[in-house]
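Lettering of chains follows the sequences in order, A, B, ..., and the numbering in each one begins at 1. Just the heavy atoms: all of them, side chains too, but no hydrogens, waters or symmetry mates, feed the values below. Keep in mind it's a predicted model, so treat the numbers as computed, not measured.
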Number of protein chains: 2
Amino acid sequence: MPTTVKVYQQVLKEMQQIIKEKELEPGDRLPSERYLADKLKIGRSSVREALRAIELLGLIETKQGEGTFLRDYQSYHTVELLAGFVLQDHNTQREIMEAKKMLEKNAIELAIDKMDDAALESIELIINDDNLTHTQLHDEFFAHIFSYGQNFLLYKIWRFMQDFSKSVKNNTYGIDFYNQIAEILKTKKHHQIYTLYSEQ
Amino acid sequence: MPTTVKVYQQVLKEMQQIIKEKELEPGDRLPSERYLADKLKIGRSSVREALRAIELLGLIETKQGEGTFLRDYQSYHTVELLAGFVLQDHNTQREIMEAKKMLEKNAIELAIDKMDDAALESIELIINDDNLTHTQLHDEFFAHIFSYGQNFLLYKIWRFMQDFSKSVKNNTYGIDFYNQIAEILKTKKHHQIYTLYSEQ
DNA sequence: ATAATTAAGTGGTCTGACCACTTATAATAT
DNA sequence: ATATTATAAGTGGTCAGACCACTTAATTAT
């Protein structure tokens, strides 16, 4: 179907080639925009279209005055971006809130076997921190749990939803809710996780 | 860290706004490049950088002479692209696989109370369809379950991960795995969901 | 009324021009 | 000679304007 391949698409292929040939790794510098335009005999704007596209994906990083660098792909970039658009079509707050809850359960499940006594204590400290607002508590609490879960991708997805929900709705939970989770984490009773949120 | 936000990033935000306000759906036309440039008082090239980026993602479609159109997000576009660039980063892979499993559990949990006998039967049909490869089975199976879960957002996120995993690794499960899930869905024993994948 | 022609609109691409910033080089002061 | 400073070169960020190819709407000729 693509009767005519766009120039920036070719640039992408060319760049893959360059990366492969020169065995470039994350952190390495890519050829400059002007060099690429010159070498491929195309306009710089076309090169930029390609670069901006994969920059948005999180594949490269640009530093003004220095150059363009390959970077470690961070999948959350993509997810964040897509979420931002997909949310528009199916703009159901309900879905976001629901998804957020599911991810919070996931976080607990991932963390439950990775938390030692010190970790559990730090959780308690957050729960009992009187300086935090309800929203801040929720935020800190789960951010902390996610950190033990060791899945940055899930954390970033949750982060997005959490930020979104903050801007839309103020969903607060009583302190019992957090204590209950702390208890589950302590006793490591996985199966109790699914009982959370049930009365929402 | 992003001390200065790039113009094309602003354009993306603006476009999300426009889509939201005008309630645009897949198939609908977006404002033209020249119009956007004029309205936002920026150069057309900056608008194009933004458009080309999300075009690459498969979020929009452009037809020369006609315009730019919103389209249903097809994650395989992204996946294809990433596969070409991402050198099998182990940790990224691990996180995506793990996150995918969690989302599959979520799908089951969301669907469990929404599936009637007919739904359960349709699941059985997929499991016993001999025409499907292992990968296809997994794909269809969970896509189906997600459809009952009624959370399109979670489905889309899973979809991305599933496509990614397909392009990287062939993670297959025995048929028992799916029968086990079908059984859980039938008996509606939520707590058994957490035992899934445990031997992986 | 119908068909052919024209004009207007839209994406695709290139060129050339600045700006802001970083790094390497050259000039200067010590 | 060395250290400091000033300059130049390189790089990404952005814009304006120009064509081209293509589609659609408007106009004109039949």
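Remark: P of dT14(D) and CD of Glu33(A) are 10 Å apart, rounded to the nearest angstrom. The OH atom of Tyr8(B) sits 17 Å away from the C1' atom of dC15(D) (whole-angstrom rounding). Here the P atom of nucleotide dG12(D) and the CZ atom of Arg71(A) are 16 Å apart, to the nearest Å. Protein atom CZ of Arg34(B) is 10 Å distant from nucleotide atom P of dG9(C), rounded to whole Å. The interatomic distance linking Gln9(B) (CD) with dG12(D) (C1') rounds to 14 Å, in whole Å. If you take CZ of Arg44(A) and P of dG12(D), they are 7 Å apart, rounded to a whole angstrom.
Looking only at atom types and distance, the side chain of His138(B) has a donor-acceptor partner in the side chain of Tyr178(B) under 3.5 Å away. A side-chain donor-acceptor contact under 3.5 Å links Thr62(A) and Glu55(A). A donor-acceptor pair shorter than 3.5 Å can be found between the side chains of Tyr73(A) and Thr78(A). There is no side-chain donor-acceptor pair under 3.5 Å between Ser46(B) and Lys6(B).
With a 6.0 Å cutoff to the six-membered ring centre and a 45° limit on the axis angle, Lys105(B) does not count as a cation-pi contact of Tyr197(B).
Of the residues in residues 48-69 of chain B, those lying under 4.0 Å from DNA chain C by heavy-atom distance are Arg48(B), Arg52(B), Thr62(B), Lys63(B), Gln64(B), Gly65(B), Glu66(B), Gly67(B), Thr68(B).
Here Ser46(B) reaches the OP1 or OP2 of dC15(D): one of its side-chain N or O atoms lies under 4.0 Å away. Considering only side-chain N and O atoms, Arg29(A) lies under 4.0 angstrom from the phosphate OP1 or OP2 of dT11(D).
Heavy atoms only, all atoms of each residue included: Gln16(A) and Leu81(B) are closest at NE2-O, 4.1 Å.
Among the protein residues, Ser32(B) comes within range of the sugar-phosphate backbone only, with heavy atoms under 4.0 Å from sugar or phosphate atoms but none that close to a base.
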